[in-house]
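Note sheet for the following structure.
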Amino acid sequence: MEKENIAVGLDIGTTKIVAMIGKKNEYGKLEILGVGKSKSLGVARGVVNNITQTIQSIQQAIEEAENNSGYKIKDVVVGIAGQHIRSIQHSDYISRDNPEEVIGGKDIDMLINQVHKLAMLPGEEIIHVLPQEFKIDGQSDIKEPIGMYGGRLESSFHVVVGQASSIRNVGRCIQSSGIELSGLTLEPLASADAVLSQEEKEAGVALIDIGGGTTDLAIFKDGIIRHTAVIPFGGNVITDDIKEGCSIIEKQAELLKVKFGSAWPGENKDNEIVSIPGLRGREPKEISLKNLSKIIHARVVEIIEQVFAEIKSYGHEDPRRKLIAGIVLTGGGANLKHIKQLVEYITGMDTRIGYPNEHLAGNSDEEISSPLYATAVGLVMNSIENKTQSAVKFETTVVPEKVSPQRERYFEPVVPQFKEEMEVQQEENVLETVSSNTESTETKIRRSFFDKYVDKIKEFLDNAE
């Protein structure tokens with residue numbers, strides 16, 4: 001009997017941290033076993049700025065997910081975002097010694113390693129190297145070069161770059177929380193996996209993920225990632241504007257935005273007013289919903305215009321690069337009333353709200369189908385793709401009596417026999433991966449690169465201790 005592989009995704013956002021445990025059911029759909037959510041403290045605009053608070057928030061989310069699912073989390077796939085992320089287009093080639101030999105995985109690896117030698121700005125590191133079309137001896141538009149003949153193998157790449165220190169800080173937080181890092185994924189790519197269909201990616205689509213601290217963009221055309229960007233504005237900036245504009249505290253501003261906020265001011269009548277309790281015996285404040293919508297509208301327009309500038313810089317106006325499927329909005333900001341209509345008005349492109357329910361099992365909780373959880377669902381899907389065994393049932397571990405879950409994370413001894421079994425299972429998983437020839441070149445490249453990159457981070461953290 002094949003061992004079920006339990007996958008765990010960890011979405012470290014600016015407003016919330018979500019740990020999600022899932023597995024594939026017999027119909028190939030994603031069954032969510034447990035979700036843990038905590039308020040994100042110590043993260044600003046997608047970047048960790050307080051290690052201690054971030055560790056506490058991660059532990060809280062992990063514990064909640066473990067308690068809800070009955071599984072003990074060992075390692076996680078983490079989403080990377082933040083204002084330090086940028087992307088570049090790059091082309092490279094290799095000349096093969098023997099053109100009479102078929103092109104194999106080794107040739108692709110050689111080409112990828114060459115891209116890794118690209119000169120970066122000080123303090124920057126390559127996070128993703130995503131292949132686009134390959135070219136063999138001048139023959140272009142080849143999507144799968146393995147098995148073909150040729151002397152010169154060429155490819156265009158989408159290279160995602162980020163600050164090494166920011167990535168290592170995330171690695172440090174996860175390791176200090178008592179779990180391992182099994183993979184890194186750019187958050188807009190994870191969200192894209194969760195909410196976009198293959199048809200949309202072929203036709204051309206822009207995914208806009210409006211989070212608390214950042215707005216992430218991923219553009220696909222002909223089934224290939226073409227452009228990514230992270231804009232350092234999100235829902236928190238709207239909340240700050242409401243706080244300043246209405247002279248109220250942040251908690252009230254957030255509630256106002258979620259319950260009564262609208263991105264379209266014309267919707268509200270002048271006499272619609274909300275009364276907010278005053279502080280410490282002061283008189284209640286009366287706020288006009290029309291004014292509230294005007295404040296939200298001004299900031300949302302600014303965010304959408306910045307995203308639209310990125311879409312234009314990709315070359316959307318060129319007929320060959322046209323995004324026929326338009327725009328898909330996801331993330332917590334996509335829940336804002338009338339945001340779809342405003343985006344259509346500003347960009348002139350068809351727009352829909354992206355829900356991650358397409359890949360979820362039918363019996364999933366309605367809350368998980370919200371755009372808010374798109375990134376977390378995408379990270380779990382990524383973990384399943386990597387064939388990770390990220391969690392085990394609580395019964396299989398020896399838990400000392402009268403130890404709280406948080407203390408257990410630091411003091412629980414690893415049972416040697418259990419550890420050996422896990423190592424054997426991991427070796428079997430690796431062998432399965434090696435023997436499988438059905439994977440596409442892109443999947444192989446993604447996986448081999450992540451393994452190398454995660455190993456590099458682990459080595460750095462070990463040396464730092």
Side-chain angles (χ1 to χ4, degrees), residues 77 80 87-120 124-162 167 182-186 188-190 192-193 198 201-202 218-228 381-388 426-427 429-457 459:
V77 168
I80 287 284
S87 61
I88 47 176
Q89 290 295 117
H90 176 71
S91 292
D92 221 321
Y93 74 93
I94 55 165
S95 298
R96 301 178 66 236
D97 298 332
N98 186 0
E100 302 303 312
E101 254 183 40
V102 293
I103 293 167
K106 276 186 182 173
D107 298 301
I108 307 258
D109 284 344
M110 202 186 295
L111 185 53
I112 296 288
N113 290 335
Q114 203 153 292
V115 178
H116 281 286
K117 290 171 188 165
L118 266 178
M120 291 289 117
E124 279 191 335
E125 266 183 22
I126 292 173
I127 301 172
H128 284 262
V129 174
L130 303 167
Q132 298 183 323
E133 293 97 350
F134 288 89
K135 206 187 247 190
I136 300 171
D137 291 347
Q139 183 190 342
S140 57
D141 293 342
I142 295 167
K143 287 190 179 176
E144 184 56 272
I146 289 176
M148 298 180 79
Y149 292 93
R152 179 184 162 113
L153 176 64
E154 206 175 326
S155 179
S156 55
F157 292 95
H158 183 74
V159 183
V160 180
V161 180
I167 298 159
S182 67
L184 282 167
T185 301
L186 189 65
L189 295 182
D193 286 343
Q198 193 53 41
K201 288 180 182 179
E202 289 289 341
I219 296 175
F220 292 84
K221 178 75 176 171
D222 301 326
I224 296 163
I225 182 85
R226 299 292 180 184
H227 187 73
T228 51
M381 288 168 65
N382 191 280
S383 183
I384 285 174
E385 203 178 282
N386 290 352
K387 292 195 165 83
T388 51
Q426 281 172 354
E427 280 170 21
N429 284 346
V430 171
L431 287 172
E432 276 171 28
T433 310
V434 172
S435 62
S436 165
N437 293 320
T438 55
E439 288 178 344
S440 68
T441 304
E442 188 178 346
T443 312
K444 281 178 186 166
I445 290 168
R446 261 197 195 188
R447 186 166 305 154
S448 66
F449 171 63
F450 282 142
D451 290 345
K452 283 180 202 163
Y453 194 77
V454 171
D455 288 345
K456 199 159 75 170
I457 288 184
E459 190 185 328

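Expressed to the nearest 0.5 Å, how far CD1 of Ile126 lies from NE2 of His116 amounts to 6.0 Å.
Heavy atoms only, all atoms of each residue included: Ser155 and Phe134 are closest at CB-CD2, 3.5 Å. Pro145 approaches Ile108 most closely through the heavy-atom pair CG-CD1, 3.4 Å. Shortest non-hydrogen contact noted between Ser383 and Val77 is CB-CG2, 3.6 Å.
Heavy atoms from other residues, nucleotides or ligands lying under 6.0 Å from CG of Asn98 number more than 12.
Glu202 pairs by the salt bridge (Lys or Arg N to Asp or Glu O under 4.0 Å) definition with nothing, not counting sequence neighbours. With sequence neighbours left out, the side-chain contact (heavy atoms from CB on, under 4.5 Å) criterion links Gln114 to Asp92, Ile94. Partners of Ser156 under the side-chain contact (heavy atoms from CB on, under 4.5 Å) rule, at least two apart in sequence or in another chain, are Ser91, Gln132, Glu133. Every residue two or more places apart in sequence or in another chain that forms a side-chain contact (heavy atoms from CB on, under 4.5 Å) with Lys201 is listed here: Asp193, Leu196, Gln198, Phe220. For Tyr149, the side-chain contact (heavy atoms from CB on, under 4.5 Å) partners two or more places apart in sequence, or in a different chain, are Val102. When the side-chain hydrogen bond (donor to acceptor under 3.5 Å, both in side chains) test is applied to His158, the partners found at least two apart in sequence or on another chain are Gln89, Thr228.
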May I have the step-by-step check of side chain to side chain contact (heavy atoms under 4.5 Å, CB included) for Leu153 and Met148, ending in yes or no? CA-CA 10 Å; Leu153 176 64; Met148 298 180 79; over 6 Å; no
So Val129 and His90, side chain to side chain contact (heavy atoms under 4.5 Å, CB included) or not? Walk me through it. CA-CA 10 Å; Val129 174; His90 176 71; over 6 Å; no
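By the 4.5 Å heavy-atom criterion applied to side chains, Asp141 and Asp222 are not counted as neighbours.
A donor-acceptor pair is defined here as one N or O able to donate and one able to accept, closer than 3.5 Å; such a pair exists between the side chain of Asp107 and the backbone of Gly104. Side chain of Arg152 to main chain of Gly138: no donor-acceptor pair is present (N/O by atom type, distance under 3.5 Å, no hydrogens or angles).
Partner of His128 under the side-chain contact (heavy atoms from CB on, under 4.5 Å) criterion, out of Leu184, Ile225, Val160: Val160 alone.
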